[in-house]
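Basis for what follows: all heavy atoms, side chains included, without hydrogens, waters or symmetry-related copies.
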Amino acid sequence: MKKIFIITGRTGAGKSTLCQRLEEYFNYPLLSFADMGKKFANENGYNRIRECHFAMGTDKFKTKISKHILDTIDKQLKTCDNIIIDGLYIDDAVSRLKENYNCKIIYLKTEDNIRYERISQRLSTTIEQAKKENEIKEYTKDELGIDILIKNTDYVISGSKSADEVFEAAKQFIEE
């Protein structure tokens with residue numbers, strides 16, 4: 001049976017770092033919500049996911065982007081049996097994936113102060129600016145259903161651990 005591993009978490013949790021290591025270790029294709037969302041936004045005349053979301057409204061946006069994401073995943077699964085998804089937040093899309101595939105959600109739970117420091121470093125900004133950027137991104141994630149995904153997660157990993165410890169925990173879960 002085809003397997004999908006979704007790594008979810010708040011902005012700056014360490015999802016992309018973990019996903020890259022899992023992709024290298026397992027040699028599974030990696031799909032990124034950010035990349036799929038940006039492509040969807042561009043196809044609809046917007047530069048950013050959140051611009052597209054605000055323009056369409058949450059319900060219409062969720063319906064349309066869910067279809068785009070599911071089509072992308074289905075196409076990828078025609079060429080492989082397992083994939084990793086970096087940061088999927090749309091509860092509707094994940095519900096449909098769970099109906100059709102062996103789909104597991106790994107939630108990377110990371111303390112806010114660590115996330116803000118990571119965002120600050122990534123964007124070369126102050127912690128206060130990082131908090132503002134976080135608010136904008138988290139608003140969109142909240143609207144799209146991240147809280148439902150977190151409540152229905154299959155495995156929680158503390159993002160406050162070292163990158164090696166986070167990787168080992170995720171690797172063991174996937175290998176089970």
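Not counting sequence neighbours, the partners of Glu117 by the side chain to side chain donor-acceptor pair (under 3.5 Å) test are Gln121. Partners of Lys137 by side chain to side chain donor-acceptor pair (under 3.5 Å), not counting sequence neighbours: none found. Partners of Phe33 under the ring pair (Phe, Tyr, Trp, His ring centres under 6.0 Å) rule, at least two apart in sequence or in another chain, are Tyr89. Residues satisfying the side chain to side chain contact (heavy atoms under 4.5 Å, CB included) test with Asp164, not counting sequence neighbours, are Arg21, Ser162. Every side chain to side chain contact (heavy atoms under 4.5 Å, CB included) that Ile114 has, sequence neighbours left out, goes to Thr110, Glu111, Arg118, Ser160. By the ring pair (Phe, Tyr, Trp, His ring centres under 6.0 Å) test, Phe167 pairs with Tyr25, sequence neighbours left out. By the salt bridge (Lys or Arg N to Asp or Glu O under 4.0 Å) test, Asp147 is found to be paired with Arg10, residues two or more places apart in sequence or in another chain being considered. Under the rule for a side chain to side chain donor-acceptor pair (under 3.5 Å), Lys38 has no partner lying at least two apart in sequence or in another chain.
Between atom CG of residue Leu22 and atom CD1 of residue Ile7 there is a gap of 5.5 Å, rounded to the nearest 0.5 Å. Distance CD1/Ile150 to CG/Asp91: 11.5 Å, rounded to 0.5 Å. Annotation: the span from Met36 atom CE to Ile85 atom CD1 amounts to 5.5 Å, rounded to 0.5 Å.
Side-chain N or O atoms of Asn100 include one that pairs as donor or acceptor with a backbone N or O of Arg96 at under 3.5 Å. The backbone N or O of Ile6 lies less than 3.5 Å from no partner atom in the side chain of Lys104, so there is not a single donor-acceptor pair. At distances below 3.5 Å, at least one donor-acceptor pair connects side-chain atoms of Lys98 with backbone N or O atoms of Cys103. Checked by atom type and distance alone, the side chain of Lys2 pairs as donor or acceptor with a backbone atom of Cys80 at under 3.5 Å.
When the shell of 6.0 Å around CG of Asp81 is examined, it contains more than 12 heavy atoms from other residues, nucleotides or ligands. Residue Lys109 places its NZ atom among 12 or fewer non-hydrogen atoms of other residues, nucleotides or ligands, all under 6.0 Å distant. In the displayed structure, Asn113 atom CG is contacted under 6.0 Å by more than 12 heavy atoms of other residues, nucleotides or ligands.
Closest of all the heavy-atom pairs between Gly9 and Ile146 is O-CD1, 3.7 Å. What you find for Cys19 and Leu30 is that their closest heavy atoms are CB-CD1, 3.6 Å. Counting all heavy atoms, side chain and backbone alike, Ile105 lies closest to Asn152 at CD1-O, 4.1 Å. Across all their heavy atoms, Ile119 and Ala130 have their closest contact at CG2-CB, 3.7 Å. Leu18 and Ala170 make their closest contact through CD1-CB, 3.9 Å (heavy atoms, listed as atom of the first residue, atom of the second, distance).
Side chains of Ile4 and Asn102 form no contact here, defined as non-hydrogen atoms less than 4.5 Å apart. Put simply, the side chain of Glu23 does not reach to within 4.5 Å of the side chain of Asp86, judged on heavy atoms. With contacts defined as side-chain heavy-atom distances shorter than 4.5 Å, the pair Phe5/Tyr28 qualifies. The shortest distance between side-chain heavy atoms of Leu144 and Thr140 falls below 4.5 Å.
Listed by first then second residue, pairs satisfying side chain to side chain donor-acceptor pair (under 3.5 Å) with a partner in residues 123-134 read Arg115-Asn134, Thr126-Gln129, not counting sequence neighbours. Evaluation of the ring-ring contact (aromatic ring centres under 6.0 Å, His included) test over residues 108-142, restricted to residues two or more places apart or in two chains, returns Phe54-Tyr139. Applying the side chain to side chain donor-acceptor pair (under 3.5 Å) test to every pair with at least one member in residues 64-78, sequence neighbours left out, gives these pairs: Lys67-Asp71, Asp74-Tyr101, Gln76-Thr79.
Both Ile174 and Leu108 sit in one connected hydrophobic cluster of ILVMFWY residues. Membership requires side-chain heavy atoms under 4.5 Å apart, directly or through other members. Tyr155 and Leu88 are assigned to two separate hydrophobic clusters, defined by single-linkage of ILVMFWY side chains at heavy-atom distances under 4.5 Å. Taken together through direct or relayed side-chain contacts under 4.5 Å among Ile, Leu, Val, Met, Phe, Trp and Tyr, Ile73 and Ile84 form parts of separate hydrophobic clusters. Each of Phe173 and Val156 belongs to its own hydrophobic cluster when Ile, Leu, Val, Met, Phe, Trp and Tyr are linked at side-chain heavy-atom distances under 4.5 angstrom. Linking Ile, Leu, Val, Met, Phe, Trp and Tyr whenever their side-chain heavy atoms come within less than 4.5 Å leaves Tyr107 and Ile157 in two separate clusters.
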Please report the C-alpha distance between Glu168 and Lys171 in whole Å, then the side-chain angles of each, then the deciding distance to 0.1 Å, and finally whether the salt bridge (charged side-chain N to carboxylate O under 4.0 Å, His left out) criterion is met.
CA-CA 5 Å; Glu168 284 300 320; Lys171 180 180 82 137; 3.4 Å; yes
Verify side chain to side chain contact (heavy atoms under 4.5 Å, CB included) between Ile106 and Thr153, making sure each step is shown before the conclusion.
CA-CA 6 Å; Ile106 299 172; Thr153 195; 5.6 Å; no
Test side chain to side chain contact (heavy atoms under 4.5 Å, CB included) applied to Leu70 and Leu97, step by step
CA-CA 8 Å; Leu70 293 169; Leu97 288 171; 3.5 Å; yes
Residues 39-52 side chain polar contacts: donor-acceptor under 3.5 Å, at least two apart:
from	atom 1	to	atom 2	distance (Å)
Asn42	ND2	Tyr46	O	2.8
Asn44	ND2	Phe40	O	2.8
Glu51	OE1	Asn47	N	3.2
Glu51	OE1	Arg48	N	3.4

